[in-house]
There are 2 protein chains.
Amino acid sequence: MRRSIAAQAVSGNSRLGDPNLARLADPELAERRRRQIMDAAIACFRRRGFHQATMAEICAEAEISAGALYRYFSSKADIIGAIAEDKRGENDEAFMRAAEQHGFIAALCLSARSFFEKFAEGDGALIAEIMAEAIRDNAVSEPLRTTDSASVQIFIRALVAAQARGEVDATLDPEIATNTLFATLEGIGLRRAFCRETDVEAAISQFRALAERYLEPRK
Amino acid sequence: MRRSIAAQAVSGNSRLGDPNLARLADPELAERRRRQIMDAAIACFRRRGFHQATMAEICAEAEISAGALYRYFSSKADIIGAIAEDKRGENDEAFMRAAEQHGFIAALCLSARSFFEKFAEGDGALIAEIMAEAIRDNAVSEPLRTTDSASVQIFIRALVAAQARGEVDATLDPEIATNTLFATLEGIGLRRAFCRETDVEAAISQFRALAERYLEPRK
DNA sequence: ACCTGAACACCGTTCAAGT
DNA sequence: ACCTGAACACCGTTCAAGT
């Protein structure tokens, strides 16, 4: 998902304080270069993984020199952080519409599908690597948490609406429940990738069964 | 958890076919050296992470030369694989006893506690890195899956017993339910590490609420 | 300002030489 | 057989020099 420069400026941009990147004159060129490098890096990371892919490969793929790359990203970890930040929130709009039209659980399963499809396409290890890098490195996780929070807020709103409709148990704390759902989604995706199970439909029905029982109104 | 040489030989040992390691004469020395290297690596990985820790550091910590290390492990990934394999199943015995005495869900929360404590102690990134490495590299994941299967089998047996007692919904498929519980455990641990939430009690109650609702008998 | 690419520092792995 | 440690191949990052 491409994001406008305005959107970049609004959300937490970890590069603002970087002295190395402070003297970029043309913001449009900067955005184009970042996009160019990120696209190249995505291709390389998917092919070989974050730690296997080399900066030389990314430079070749982006048709740029190493020196130029480091004008726009301060490190390899910075690139993966930007990629992850960019990918999050892609499905938020689709989720919101689906939640209004088909209910919370149906919308949840729609998000689950697009998430599980990434694992089936072989992005599982990359997602785990991003996770590891984010847990280890605050510089990676901080901007990611900002984006994550935005998604969580959207899901919380939809969950509260579903509780008001009686679709979801009203005694659940909306924030905890949302975080739990996000956690189970990631957990199921990672575990299935670990077990080499690539059936997306099976993953969705596994997640759906869990979500339905968790969210079901008690009496 | 230290495992006997016999146990090593029984479970899937990925080194058997390695030509480099074929001519180890004294199996007792080999086991001692492997232990020595793994303990040193655990210390280094915990301090600095899998990719940050260098082989030189591990060699220094283990008081062994680089050449000697490579007699017992074929690569850095091989070491993390052996560590992960070694750590799995540590709690299986404790779980089994607790399941018989205090019921399935209580035993589950006991396992959850020791798992979440690892995250609180700062092993979250390492667990994610092991996950990533296992997803990416079959040589890492194969022995891990063997150990994982053994744990799953134990939990399945306890789950079936709990279903027979009416403690857990009998319509749940035991294998799917067990895998789902493992996935949610990992997912909650990783997500909380990502969010920098280190409260173990909160993690357990989050997991317990999910597990209780998921497993509760329907009518 | 923006870029290039050689140079630097470092790290995983190997291998000739020693006991 | 078991070990050492220098050497090798490679990679992330920097920086002097060019436009």
Side-chain angles (χ1 to χ4, degrees), chain A residues 5 15 18-38 40-41 44-45 47-83 129 133 136-137 139-140, chain B residues 5 15 18-38 40-41 44-45 47-83 129 133 136-137 139-140:
Chain A
I5 299 158
R15 266 72 55 189
D18 194 314
N20 187 32
L21 306 170
R23 46 191 165 126
L24 294 173
D26 181 358
E28 191 145 348
L29 171 64
E31 175 67 5
R32 212 168 60 238
R33 284 272 180 277
R34 282 178 64 87
R35 204 54 259 170
Q36 183 183 349
I37 293 162
M38 283 162 69
C44 294
F45 291 162
R47 261 201 303 275
R48 307 228 295 138
F50 175 61
H51 292 286
Q52 267 60 47
T54 69
M55 292 304 251
E57 281 168 4
I58 296 170
C59 290
E61 180 90 24
E63 294 180 321
I64 207 175
S65 71
L69 187 152
Y70 279 89
R71 276 185 67 82
Y72 302 101
F73 291 96
S74 62
S75 71
K76 204 178 174 188
D78 191 21
I79 300 178
I80 208 175
I83 290 171
E129 280 159 357
E133 221 64 34
R136 180 90 56 200
D137 186 348
V140 174
Chain B
I5 299 158
R15 266 73 53 190
D18 193 316
N20 187 33
L21 308 170
R23 45 190 166 127
L24 293 173
D26 181 358
E28 191 145 347
L29 172 64
E31 174 66 5
R32 210 169 59 237
R33 285 273 180 275
R34 282 177 63 86
R35 203 56 258 171
Q36 182 183 350
I37 293 163
M38 283 162 67
C44 293
F45 290 162
R47 261 201 301 275
R48 306 228 298 137
F50 175 62
H51 293 286
Q52 266 61 46
T54 69
M55 291 305 250
E57 281 167 4
I58 296 170
C59 290
E61 180 91 24
E63 293 180 322
I64 206 175
S65 72
L69 187 153
Y70 278 89
R71 276 184 67 81
Y72 301 101
F73 290 96
S74 62
S75 71
K76 202 178 174 188
D78 192 20
I79 299 177
I80 207 174
I83 290 171
E129 278 159 359
E133 221 64 34
R136 178 94 54 203
D137 186 350
V140 174

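Model, not experiment: these values are computed from the prediction. Values below: all heavy atoms of this structure, side chains included; hydrogens, waters and symmetry mates excluded. Below, chains carry the letters A, B, ... as their sequence lines are ordered, and counting in each starts from 1.
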Searching all strands shown, indicate the nucleotide that pairs with D:dA17 (Watson-Crick or G-U wobble; both distances under 3.5 Å).
-> none
Taking the side chain of B:R33 as its heavy atoms from C-beta onward, which of D:dC3, C:dC3, C:dT13 lies nearest to it?
-> D:dC3
In Å and rounded to the nearest 0.5 Å, what is the CZ to CZ distance from B:R48 to A:R136?
-> 10.0 Å
Can you tell me the pairing partner of C:dC3 across any strand shown, Watson-Crick or G-U wobble, with both distances under 3.5 angstrom?
-> none
Between P of C:dG12 and CD of B:Q52, the distance in whole Å = 10 Å
Separation of D:dG12 C1' from A:I58 CD1 (nearest whole Å) | 10 Å
Rounded interatomic separation in angstrom, taking CD from B:E57 and C1' from C:dC10 | 12 Å
Interatomic distance, A:D78 CG vs D:dT13 C1' [rounded to whole Å] = 13 Å
Using atom CZ of A:F45 as one end and atom C1' of D:dC11 as the other, report the distance to the nearest whole Å.
-> 13 Å
Is it true that B:R33 and B:E28 make a salt bridge, defined as a side-chain N closer than 4.0 Å to a carboxylate O?
-> no
Side chain of B:D26 - closest among D:dC2, D:dC3, C:dA6 = D:dC2
Rounded interatomic separation in angstrom, taking CZ from B:R71 and P from D:dC3 | 6 Å
For C:dC8, the nucleotide meeting Watson-Crick or G-U wobble distances (both under 3.5 Å) is D:dG12
B:M55 CE - C:dT13 C1' separation (whole Å) = 8 Å
How would you label the contact of B:A53 with the nucleic acid (heavy atoms, under 4.0 Å): base, sugar-phosphate, or nothing?
-> sugar-phosphate
Kindly point out which of C:dC3, D:dC2, D:dT4 is positioned nearest to the side chain of A:Y72?
-> C:dC3
Which nucleotide in the set D:dT14, D:dA6, D:dC3 lies at the smallest distance from any side-chain heavy atom of A:A66?
-> D:dT14
Nearest-0.5 Å distance, CG of residue B:L69 to OG of residue B:S74 = 10.0 Å
Looking at side-chain heavy atoms only, is the closest gap between A:L29 and A:R32 below 4.5 Å?
-> yes
Given D:dT13, C:dC2, C:dT4, the nucleotide with the shortest approach to the side chain of A:A68 = C:dT4
Whole Å only: how far is the OH atom of B:Y70 from the P atom of C:dG12?
-> 7 Å
salt_bridge(A:E133, A:K76) N-O dist < 4.0 Å = no
